[in-house]
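First comes the structure, then the notes that go with it.
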There are 2 protein chains.
Amino acid sequence: MATPDPGASDPQTPDPQTPDPQRPGFLLPLLLLAGFRTLIDDLHAELARQGHAELRPLHGFVLQAVGAEGTTASELGHRLGVSKQAAGKTVDRLVALGYLERVDDPHDARRKLVRLTPHGLDGLHRSAVIFDELRQRWVAILGAERVAALEDDLRTVTPANWFRLDVPGWFAG
Amino acid sequence: MATPDPGASDPQTPDPQTPDPQRPGFLLPLLLLAGFRTLIDDLHAELARQGHAELRPLHGFVLQAVGAEGTTASELGHRLGVSKQAAGKTVDRLVALGYLERVDDPHDARRKLVRLTPHGLDGLHRSAVIFDELRQRWVAILGAERVAALEDDLRTVTPANWFRLDVPGWFAG
DNA sequence: TAGCTTGGTCAACGTGGTTGACCAAACCGT
DNA sequence: ACGGTTTGGTCAACCACGTTGACCAAGCTA
């Protein structure tokens, strides 16, 4: 690593030229990511202001996936599209933060129910409210039709199974 | 293709079927993320088909950020919005994969230029082509005006500095 | 009862990020 | 010319989030 590498001559290009034409395809994913991250960043800035500074970007979706009724780690992994081990580790972290709790299932000694604590329920409700406010901010800027069209268009070009809408608990509370 | 989902995206239509009030704000970030990930997944499926199975989702943007002229790890971190250490580790991985190379800067013994190898250039060009094709696929589904409107709207609601358009090398080929 | 399936956990590892510390080279003001 | 500051790169430790594979206890079923 410390050995200098000879042979590199004339890497200097004082004239920054753009040889290729514009690639519009590169912008689309960036804009989608920017829109997503803008919402997420604003959400967590506001959540931190409201006493939930510990919540990481992913956690809100996990709380949403757990839902008011609770689930198991395996089912949670299925809902989130990750392995049960990954879901279990995420649950561990949220338990340590006080957002989730594990309780034994009296009907099945293998299962351990994952439930929202009051703190977790509070965070989930606040997330929903803040997301609604952020969407309203977009509506105020773009107009309701444009935002609705944006959502409709994205729903159209997105595989239907992306959201696992078949799984109960999503987007219902 | 577009499955009409009554009440899911229209806050003006009351849907007595759902117990809780609709939280439209939750859908917006998910749809944006779904659109982004759909593009990225399709890109990498196609890249793998074209001999770039090793490229991970992030790497295309890194290659784009490096650009044809090359940069340093610090500058790369600035462009990507991460620390110079993180950028350095990402460069390490891409060097190991044969997409980037490090050469000493003869004008400044501290700097180590990061440049695309021919393999990296090939991957970058293929990414650009595939992204363009994916955007064309969206245009075929939604129409050119809707896709353009979607991009315009996202640009409007996104902080201007998100893309670091001031930094040379971005989106210029 | 025997055997398969399911839910949870542990271990090892990979990727992508962070801070803090440190060093050498470059820059700059006296 | 010297000495202090800035800059570029690296190392180390750590964290979040994901993967496979192995394993075990409990439940289900032929």
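Each chain gets a letter, A, B and so on, in the order the sequences are listed, and its residues count up from 1. Scope of the values below: all heavy atoms of this structure, side chains included, with no hydrogens, waters or symmetry mates.
In this structure, R111(A) does not reach the dT5(C) phosphate: none of its side-chain N or O atoms is under 4.0 Å from OP1 or OP2. OP1 or OP2 of dT6(C) has not a single side-chain nitrogen or oxygen of S74(A) nearer than 4.0 Å.
For the pairing with D42(A), the salt bridge (Lys or Arg N to Asp or Glu O under 4.0 Å) check across R37(A), R49(A), R135(A), R137(A) returns one residue only, R137(A).
For R126(A), the side chain to side chain donor-acceptor pair (under 3.5 Å) criterion is met by Q50(A), D122(A), not counting sequence neighbours. Not a single salt bridge (Lys or Arg N to Asp or Glu O under 4.0 Å) links R93(A) to another residue, sequence neighbours left out. Among residues two or more places apart in sequence or in another chain, the ring pair (Phe, Tyr, Trp, His ring centres under 6.0 Å) test is passed with H52(B) by Y99(B), H119(B). For D108(B), the side chain to side chain donor-acceptor pair (under 3.5 Å) test picks out R110(B), with sequence neighbours left out. With sequence neighbours excluded, no residue forms a side chain to side chain donor-acceptor pair (under 3.5 Å) with R56(A). By the ring pair (Phe, Tyr, Trp, His ring centres under 6.0 Å) test, F36(B) pairs with no residue at all, sequence neighbours left out.
As a whole-Å value, the separation of L100(A) CG from dG8(C) P is 14 Å. Spacing between atom CG of L80(A) and atom C1' of dA16(D) amounts to 15 Å, rounded to whole angstrom units. Protein atom CG of L94(A) is 11 Å distant from nucleotide atom P of dA16(D), rounded to whole Å. The separation between D105(A) atom CG and dA25(D) atom C1' is 15 Å, rounded to whole Å.
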Between the protein and nucleotides 27-30 of chain D, list the N/O to N/O atom pairs that are separated by less than 3.5 angstrom.
residue, atom, partner, partner atom, Å
dG27(D), OP1, A109(A), N, 3.1

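Residue pairs meeting the ring pair (Phe, Tyr, Trp, His ring centres under 6.0 Å) criterion with at least one member in residues 126-156 of chain B, sequence neighbours excluded, are F26(A)-F131(B).
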Q) Which letter, B, S or -, goes with each nucleotide of nucleotides 10-18 of chain C from 5' to 3', with contact meaning a protein heavy atom under 4.0 Å? A) B-B--SBBB
